[in-house]
Amino acid sequence: MERDVMEYDVLIVGAGPAGLSAAIRLKQLAQAQGEDLSVCVLEKGAEVGSHIFSGAVLDPKALQALFPDWQALGAPLNTPVNKDTFVVLGEEKSWEVPEWSLPPLMRNHGNYIISLGEVCRWLAGQAEALGVEIYTGFSAQSPSYDAHGRMIGVITGDMGLDKQGNPSANYTPGIEIRANYTLVAEGTRGSLTKQLEARYGLRATASPAKYGIGFKEVWRVAPELHQKGLIEHTLGWPLDANTGGGGFIYHHGEHLVSVGYVVHLDYQNPYLSPFDIFQTFKTHPKLKALLQGGKRLSYGARAISEGGVQSLPEMAFPGGVLLGCSAGLVNLPKIKGTHYAMKSGMLAAESVFEARQQGNPELLTSYPQKLRASWIWQELFAVRNVKPYLSRLGTWAGSALGGIEMWLSSWGVALPWTLKHASADHATLAEASQSQAPTYAKPDGVLTFDKLSSVSLCNLSHDDQQPCHLKLGVADMPVRVNLPRYAGPEQRYCPAGVYEYVEQAGEKALQINAQNCIHCKTCDIKDPMQNINWVPPEGGSGPNYVSQ
């Protein structure tokens with residue numbers, strides 16, 4: 001197929017904090033040296049920030065390094081953290097953990113409660129002012145390679161295909177965008193990243209990747225209940241001691257509260273519903289008192305990397321590198337990765353700029369070296385065993401051991417072991433015959449809600465006529481294996497009602513409601529047979545988290 005070709009010095013896939021920071025740093029370096037450097041950023045969302053979903057609390061040190069005058073420039077960091085608490089929940093009661101007992105790296109003073117979408121839109125404005133070209137509504141469908149196997153760019157998704165994948169009257173073929181280097185910053189469990197990991201064997205020596213699914217709702221609460229700058233993290237109820245996860249409550253803006261919950265995806269019970277866990281969380285007396293009488297404004301969910309340093313792939317490959325959450329740079333106990341994403345983008349930019357002076361070698365070998373020498377690695381190494389402790393020992397013993405190790409690290413004592421992850425998240429489900437289904441209260445439409453009414457707040461946009469972007473490797477695998485062995489877990493781990501088993505001609509069949517998909521990637525991660533492959537839909541499709 002003949003495709004239009006565009007060429008740049010550097011191509012960046014993803015207009016999140018990692019990709020935009022990389023673009024900005026590249027242009028800063030080029031301007032300082034008086035060089036002309038062309039930089040293109042591709043974003044699959046309809047606009048910058050539309051697919052950005054996070055808690056979010058930001059450690060500003062990467063931003064400070066990128067823009068020392070960020071305050072004068074109007075960066076939207078408007079809510080400094082002024083109170084930071086950690087709470088253990090029982091079914092009816094709660095116990096606040098004394099702040100002095102928390103390891104220093106768990107504390108949030110000096111950080112800011114933000115809308116990550118707003119921050120990314122601000123970063124995009126800074127990037128464009130420096131001459132970066134940002135194209136929204138274009139998904140990177142596949143890598144492009146030269147004859148020697150070096151990545152030389154990407155091919156964007158075709159537009160105007162019908163449900164069968166055939167060109168319609170509105171068909172426009174994707175374009176090929178070529179560059180000396182491609183920086184992949186597409187977020188957690190990206191489809192491009194999966195292809196690159198497979199082609200170059202980037203995960204050959206890494207532990208299995210580990211993930212959680214994070215939920216968030218933004219509420220407007222009564223003014224007298226709002227404590228601007230307060231953040232609270234919770235552990236315990238409604239999860240049992242063998243299922244990892246926890247909640248967060250962030251007070252920000254004009255009487256706004258972000259309420260969220262993370263469930264670790266290495267859970268065993270196939271009947272568990274992370275969405276219903278989150279809804280149940282809000283019925284605790286502590287949450288109920290805060291939200292009662294308030295109004296829910298938005299909802300979303302997204303997979304989160306949790307593996308730590310032992311799960312990191314090789315991050316440099318011929319022609320490019322992985323940035324931020326594409327590489328898995330997330331600190332699980334801190335529930336933070338934005339400042340790592342930004343710093344990794346800056347380090348990659350510096351590696352690219354150095355490589356240009358050396359004739360554009362195939363591998364950016366200095367990038368992983370810079371990462372290992374940075375505070376990113378220092379912080380991630382300090383918490384490397386927290387996730388394995390939680391997976392092996394459960395919430396309470398795992399948290400205690402992880403806390404001790406984090407305290408030791410703060411005193412400069414590094415334990416001599418790094419625990420590996422035993423298995424990937426898709427391999428942890430027990431069979432339905434060995435499991436008991438939890439009971440969840442019916443949604444009341446006031447404090448707790450069903451999936452479809454929640455998805456309606458995501459501002460979804462999917463053309464009903466486009467091909468399904470949730471691909472089954474073997475069409476009958478769900479009915480033949482997932483349903484009898486695991487009671488059809490995709491019905492429950494999906495937070496958007498995409499998957500349901502229906503009767504067709506007197507037999508069960510899996511129906512995929514792809515138009516409901518909010519791009520969380522959980523199905524791609526948790527399907528026990530690894531039979532579901534999430535690929536980008538037509539560019540611009542999906543949620544629009546404009547208020548997140």
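Sequence positions, counted from 1, serve as the residue numbers for this chain.
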Quiz prompt | Interatomic distance, W95 atom CH2 to L235 atom CG [nearest 0.5 angstrom] | solution = 12.0 Å
Practice problem: Check whether any side-chain N or O of K334 sits under 3.5 Å from a backbone N or O of L105 as a donor-acceptor pair, and report yes or no. | Solution: yes
Quiz item: Is the closest side-chain donor-acceptor distance between K194 and N533 under 3.5 Å?
Solution: yes
Practice problem: Might you point out which heavy atoms bring E47 and N544 nearest each other, and give the distance in Å? | Solution: OE2-ND2, 3.5 Å
Quiz item: With no hydrogens and no angle check, do the side chains of K336 and N108 hold a donor and an acceptor under 3.5 Å apart?
Solution: yes
Quiz item: With a 4.5 Å limit on heavy-atom distance, are the side chains of P270 and S435 in contact?
Solution: yes
Quiz item: Ignoring hydrogens and geometry, is there a side-chain-to-backbone donor-acceptor pair from N482 to Y486 under 3.5 Å?
Solution: no
Self-check item: Approximate separation, where rounding is to 0.5 Å, of L225 CG and H251 NE2
Solution: 8.5 Å
Quiz item: Do Y545 and L116 come within less than 4.5 Å of each other through their side chains, counting heavy atoms only?
Solution: no
Quiz item: Can you find a pair of side-chain heavy atoms, one from W377 and one from V309, that are under 4.5 Å apart?
Solution: yes
Practice problem: Return yes if some donor-acceptor pair links the side-chain N/O of H339 with the main-chain N/O of L63 below 3.5 Å, else return no. | Solution: no
Exercise. Supply the atom-to-atom distance L429 CG to Q268 CD, rounded to the nearest 0.5 angstrom.
Key: 8.5 Å
Exercise. Ignoring hydrogens and angles, tell me if any N or O in the side chain of T234 forms a donor-acceptor pair with the backbone of G247 under 3.5 Å.
Key: yes
Quiz item: With distance as the sole criterion, is a donor-acceptor pair present between the side chains of S391 and H421 under 3.5 Å?
Solution: no
Self-check item: E490 side chain to Y499 backbone, donor-acceptor under 3.5 Å
Solution: no
Quiz item: At their closest point, which heavy atom of C468 faces which heavy atom of I512, and how far apart are they?
Solution: SG-CG2, 3.9 Å
Practice problem: Examine distances only and state if a side-chain atom of S94 and a backbone atom of V88 form a donor-acceptor pair shorter than 3.5 Å. | Solution: no
Quiz item: Is the side chain of H462 donor-acceptor paired with the backbone N or O of P543 at a distance under 3.5 Å, no angle test?
Solution: no
Self-check item: Stacked cation flag K526 on Y267, 6.0 angstrom / 45 deg
Solution: yes
Practice problem: Could you tell me whether the side chain of H51 and the main chain of S541 form a donor-acceptor pair under 3.5 Å? | Solution: yes
Quiz prompt | Flag, side chain of H284 to backbone of K93, donor-acceptor distance under 3.5 Å | solution = yes
Quiz item: How many angstroms lie between atom CD of E118 and atom CD1 of I52, to the nearest 0.5 angstrom?
Solution: 12.5 Å
Quiz item: If only atom types and distance count, is the side chain of R492 paired as donor or acceptor with the main-chain N or O of F275 below 3.5 Å?
Solution: no
Self-check item: Side chain to side chain, P478 and N531, heavy atoms closer than 4.5 Å
Solution: yes
Quiz item: From W534 CH2 over to D524 CG, what is the distance, rounded to the nearest 0.5 angstrom?
Solution: 9.0 Å
Self-check item: T193 and E186: side chain donor to acceptor below 3.5 Å
Solution: yes
Practice problem: Rounded to the nearest 0.5 Å, what's the gap from SG on C517 to CG on L470? Could you check? | Solution: 5.0 Å
